[in-house]
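Working notes, beginning with the structure itself.
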2 protein chains.
Amino acid sequence: MNIENTQAQMRKGILEFCILSIIGNDEECYASEILDRMKRAKLIVVEGTLYPLLTRLKNDGYLSYQWIESKSGPPRKYYKLTGLGEKFLEELRKTWDELVRAVDLTTLKIQSTPSSKTSQIESNNE
Amino acid sequence: MNIENTQAQMRKGILEFCILSIIGNDEECYASEILDRMKRAKLIVVEGTLYPLLTRLKNDGYLSYQWIESKSGPPRKYYKLTGLGEKFLEELRKTWDELVRAVDLTTLKIQSTPSSKTSQIESNNE
DNA sequence: TACAGTACTTTTTATAGCAAGGTACTAAAT
DNA sequence: ATTTAGTACCTTGCTATAAAAAGTACTGTA
């Protein structure tokens with residue numbers, strides 16, 4: 001029973017959404033901040049996942065960035081949402097809400113069934 | 001702005017969970033029924049996705065099946081949860097609930113950190 | 001015997017996240 | 001002046017998974 005893998009699979013699809021949300025909330029932030037927030041929300045993400053994703057979102061026009069120097073280390077890339085990014089995030093919110101509803105539908109016991117159940121002839125093998 | 005792809009990504013991770021839920025609710029059902037239920041819940045799935053997934057879940061010991069003849073076509077493989085499958089499904093439920101909470105955390109403007117940490121003095125020094 | 005409908009199967013392809021290793025800059029210690 | 005530690009960003013190769021598409025097989029009907 002490897003629950004870890006399935007957990008990871010569930011997490012995968014929503015990373016983009018969460019990352020855009022975090023950037024949207026913070027107005028402007030850099031990768032390590034995002035990693036930190038994700039960890040606090042119990043969404044494990046590693047650098048090798050985040051950096052390519054940020055680059056892709058920037059290339060797709062959802063994010064822009066500027067370099068800002070730090071007092072205590074190398075300069076940081078501060079990302080923020082573009083106009084397109086805001087619209088995209090809005091769509092993702094809808095998608096997420098729909099997904100939660102869909103899962104509820106399949107998860108709930110009470111599910112209006114089609115009446116056409118065939119007569120079950122017990123024919124076992126295997 | 002290709003929202004479709006991101007929607008698909010979000011869907012991916014929860015398919016296993018939804019399919020196990022459906023089988024758990026119905027006690028016993030076959031692939032086409034599952035496809036039907038998924039579609040009704042607005043979770044698009046195609047045969048090429050479902051059949052290999054069912055086979056994998058069976059090989060992992062979460063599902064068992066029996067052939068049952070149909071009056072109107074070829075015999076059907078009726079799947080049901082094994083004992084291990086029930087436990088696994090229970091774990092997935094927890095995982096899903098945690099995920100929903102995690103997404104809420106990253107999505108909400110107010111990023112309240114878990115209350116278990118008492119003194120929440122804003123001391124994010126860098 | 002041919003055809004339509006249902007059900008299950010397999011192969012190939014594309015994508016995304018992850019692990020691991022690498023580069024570069026700053027500040028403090030030696 | 002050089003080394004070390006810490007921070008931040010980047011890249012390559014691997015693996016798992018869903019989707020597309022084509023295929024097999026069984027049943028009843030025309």
Side-chain angles (χ1 to χ4, degrees), chain A residues 2-20 28-36 38-39 43-60 63 65-79 99 114 116-119 121 123 125-126, chain B residues 2 4-19 28-36 38-39 43-60 63 65-79 99 124-126:
Chain A
N2 77 339
I3 191 82
E4 284 80 12
N5 182 50
T6 307
Q7 286 173 334
Q9 292 305 320
M10 281 196 188
R11 219 164 31 221
K12 279 186 179 183
I14 57 159
L15 288 185
E16 203 172 302
F17 174 44
C18 290
I19 287 163
L20 287 173
E28 202 166 47
C29 58
Y30 67 102
S32 300
E33 267 181 337
I34 296 172
L35 282 173
D36 198 53
M38 299 288 277
K39 258 173 218 135
L43 289 165
I44 306 141
V45 188
V46 294
E47 291 187 325
T49 300
L50 183 60
Y51 283 102
L53 186 48
L54 286 172
T55 302
R56 210 194 72 220
L57 290 169
K58 188 220 36 168
N59 290 338
D60 289 353
L63 295 177
Y65 69 81
Q66 57 176 336
W67 286 99
I68 298 188
E69 287 176 15
S70 160
K71 287 178 182 174
S72 57
R76 301 160 175 173
K77 253 185 180 173
Y78 277 83
Y79 286 92
L99 194 71
S116 61
K117 261 259 173 173
T118 41
S119 57
I121 308 153
S123 89
N125 65 0
E126 197 222 2
Chain B
N2 76 340
E4 284 81 12
N5 182 50
T6 308
Q7 286 173 334
Q9 291 307 320
M10 283 195 187
R11 216 165 36 222
K12 279 187 181 183
I14 58 158
L15 287 185
E16 207 172 300
F17 173 43
C18 291
I19 287 164
E28 204 166 45
C29 58
Y30 67 103
S32 300
E33 268 182 336
I34 297 171
L35 282 173
D36 198 53
M38 299 288 278
K39 257 173 219 133
L43 288 165
I44 306 142
V45 188
V46 294
E47 291 187 324
T49 300
L50 183 59
Y51 283 101
L53 186 47
L54 286 173
T55 302
R56 211 194 70 218
L57 290 169
K58 188 217 42 166
N59 290 339
D60 288 353
L63 295 177
Y65 68 81
Q66 56 177 337
W67 286 98
I68 298 188
E69 287 177 14
S70 160
K71 286 177 179 173
S72 57
R76 299 163 177 171
K77 253 184 179 174
Y78 277 82
Y79 286 92
L99 193 70
N124 194 342
N125 61 342
E126 327 177 20

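Note that the structure is a prediction, hence the values are computed from the model and not measured.
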When the distance from [atom1] of [X] to [atom2] of [N] is rounded to whole Å, what number comes out?
| X | N | atom1 | atom2 | answer |
| --- | --- | --- | --- | --- |
| Gln9(A) | dA18(D) | CD | P | 7 Å |
| Lys12(A) | dA18(D) | NZ | C1' | 11 Å |
| Tyr78(A) | dC9(D) | OH | C1' | 14 Å |
| Leu15(B) | dT17(D) | CG | C1' | 10 Å |
| Leu35(B) | dA18(D) | CG | P | 14 Å |
| Phe17(B) | dA18(D) | CZ | P | 15 Å |
| Asn59(B) | dT17(D) | CG | C1' | 16 Å |

Where chain A begins and ends its contact with DNA chain C, read 5' to 3' at 4.0 Å from heavy atoms =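 Listed 5' to 3', the contact boundaries are dG17(C) to dA27(C).
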task = Could you run through nucleotides 24-30 of chain D and give me one letter per nucleotide, 5' to 3': B if any protein heavy atom sits under 4.0 Å from the base, S if only the sugar-phosphate is that close, - if neither?
result = --BSS--
message = Using heavy-atom distances to pick each residue's nearest nucleotide on DNA chain D, tell me which of Tyr65(A) and Asn5(A) is more 5'.
response =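 With Asn5(A) and Tyr65(A) compared, the 5'-side residue is Tyr65(A).
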Upstream residue (5' side of DNA chain C) when Lys77(B) and Glu16(A) are each assigned their closest nucleotide =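 Residue closer to the 5' terminus by nearest nucleotide: Lys77(B).
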Kindly list each side-chain donor-acceptor pair under 3.5 angstrom involving residues 7-15 of chain B, sequence neighbours excluded, with atom names and distances?
residue: Gln7(B); atom: NE2; partner: Thr95(A); partner atom: OG1; Å: 3.3

ask   = Among residues 47-57 of chain A, which residues get a heavy atom nearer than 4.0 Å to DNA chain D?
value =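 The stretch gives Glu47(A), Gly48(A), Tyr51(A), Pro52(A) as the residues lying under 4.0 Å from the strand, ordered by number.
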inquiry  = Centre-to-centre under 6.0 Å for Tyr78(B) and Tyr30(B), is that the case here?
reply    =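 Between Tyr30(B) and Tyr78(B), which both carry aromatic rings, the centre distance is below 6.0 Å.
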request  = Using the test side-chain hydrogen bond (donor to acceptor under 3.5 Å, both in side chains), find all partners of Glu16(A) that sit at least two apart in sequence or belong to another chain.
outcome  =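 Counting only residues at least two positions away or on another chain, Glu16(A) forms a side-chain hydrogen bond (donor to acceptor under 3.5 Å, both in side chains) with Arg56(A), Thr6(B).
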Approximate separation, where rounding is to 0.5 Å, of Ile19(A) CD1 and Leu53(A) CG =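 With rounding to 0.5 Å, CD1 (Ile19(A)) is 4.5 Å from CG (Leu53(A)).
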query = Nearest 0.5 Å, what's the CD-CD distance between Glu28(A) and Gln66(A)?
reply =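 Taking CD in Glu28(A) and CD in Gln66(A), the distance rounds to 4.5 Å.
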task = Locate the shortest heavy-atom distance separating Ser70(B) from Ser72(B); write the atom from each residue and the value.
result =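 So the minimum-distance heavy-atom pair works out to OG-N, 3.0 Å.
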Which donor-acceptor pairs under 3.5 Å do the side chains of residues 43-52 of chain B make with protein atoms, sequence neighbours left out?
none

ask   = Between Tyr30(A) and dA8(D), is there a side-chain N or O to OP1/OP2 distance below 4.0 Å?
value =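 For Tyr30(A), the contact criterion (side-chain N or O under 4.0 Å from OP1 or OP2 of dA8(D)) is met.
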query = With a 4.5 Å limit on heavy-atom distance, are the side chains of Cys29(A) and Ile34(A) in contact?
reply =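 Yes, at least one pair of side-chain atoms sits under 4.5 Å.
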ask   = Is there side-chain contact between Arg76(A) and Trp67(A), with at least one heavy-atom pair below 4.5 Å?
value =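 Result no, sub-4.5 Å side-chain heavy-atom pair not found.
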Tyr65(A)/Lys58(A) under side chain to side chain contact (heavy atoms under 4.5 Å, CB included): CA gap, chis, key distance, verdict = CA-CA 8 Å; Tyr65(A) 69 81; Lys58(A) 188 220 36 168; 3.2 Å; yes
key: Check against side chain to side chain contact (heavy atoms under 4.5 Å, CB included), Ile68(B) and Lys77(B)   = CA-CA 6 Å; Ile68(B) 298 188; Lys77(B) 253 184 179 174; over 6 Å; no
